[in-house]
Amino acid sequence: MRILATADLHYDIRRSRKSAEALARRVRQTGGDVLVLVGDTAGVRLEPMREALRLFADFPGLRLLVPGNHCLWCREGEDSLDRYHRVLPSLAAEEGFFVLDHRPQVLGEVGLAGSVGWYDYSMIEPELGIPEDFYRAKISPGAARYLGTHEDLLERHAEALTERHMQLGVRWMDGRRVRLPFDDDAFCARLAARLDRQLQTLQARGEVRRIVAFLHHLPFIEQVPADRPDRFAFAAAYLGARRFGELLLAYPKVSHVYCGHSHWKDSRRIGRLEVVNIGSTYVDKHLEILDL
Ligand SMILES: [Fe+2]
Ligand SMILES: [Fe+2]
């Protein structure tokens, strides 16, 4: 059984397109039983998502995807939850893909589980000392001052804010593009409950000997690169949620976990798990091959 996994094709972004197309050629040459796109295939516009899926139209095996945060970006008047539950699954089905978040898969002895994952602010870098309100507003103190927004936050936390904080100009664009009817904690809790149900189902099935999981966001703090410039340290808050890691460790059949999102190549063992961050960047796409 050969599983192919890639992530962060970002096919809506011009500088990503060539390398995404080269990756698709590699997938074609390599062949496999399953292909999984682990999030951020495209962004707000749906047409690049469709075009990206069509790059793999002749892949003979099962084609799966999990959405990334960029795949849930939408325009004013649209709703990210609707994208997640209705728009993406129906577009995927039209192009011969299944959204793994909505149904786990079993192929022979292998169970496949998936989730966009999300963040719940459990990966905030404490050393930066920025009040959590800024993270939740998805803007750094320096960016708020520069843009003349979030005056209430700047005022409320005036005493805690340092020159270092005010030098930091970062916005996490989910704040403008993701439109959910509840906060990140609530979304994260829902997604974790869904993944928990998938893992329970697969764990209980006698023929399933092992489970391979695919999450766009990172489930383990160990995957977050350390000692990086402040703007990356600020962004660590949005890389993932530890609760997903706890879930994955709780199900003994889970053997491998594949992620994307941080654009940072990494591979490590955590407990009995082989945890791989595929590490595609905007200009350089990676393919992971798992032969079981
Ligand atoms: Fe990405
Ligand atoms: Fe992402």
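Atoms within a ligand are numbered from 1 in the order they appear, just like the ligands themselves. Only this structure's heavy atoms are used, side chains among them; waters, hydrogens and symmetry mates stay out.
Comment: Glu51 engages Arg17 in a salt bridge, judged by a side-chain N to carboxylate O separation of less than 4.0 angstrom. For Glu288 and Lys265, the salt-bridge test passes: some basic side-chain N is under 4.0 Å from an acidic carboxylate O. Between Arg50 and Glu95 a salt bridge is recorded (basic side-chain N to carboxylate O distance below 4.0 Å). The pair Lys138-Asp174 does not count as a salt bridge, with every side-chain nitrogen at least 4.0 angstrom from each carboxylate oxygen.
None of the N, O or S atoms belonging to His217 lies under 2.8 Å away from the Fe ion (ligand 2). The Fe ion (ligand 2) has no N, O or S atom of Ser262 under 2.8 Å away, backbone or side chain. The Fe ion (ligand 1) lies at 2.8 Å or more from every N, O or S atom belonging to His70.
For Tyr238 and Asp184, the side-chain atoms include no donor-acceptor pair closer than 3.5 Å.
The atom of His261 nearest to the Fe ion (ligand 2) is ND1, with the search restricted to N, O or S atoms. Asp8 has its closest N, O or S atom to the Fe ion (ligand 1) at the position named OD1. Within Asp40, the N/O/S atom positioned nearest the Fe ion (ligand 1) carries the name OD2.
Angle OD1(Asn69) to the Fe ion (ligand 2) to NE2(His216): 90° [nearest 10 degrees].
When each of Leu195, Val257, Leu249, Asp196 is tested with Phe244 by the rule side chain to side chain contact (heavy atoms under 4.5 Å, CB included), just one qualifies, namely Leu195.
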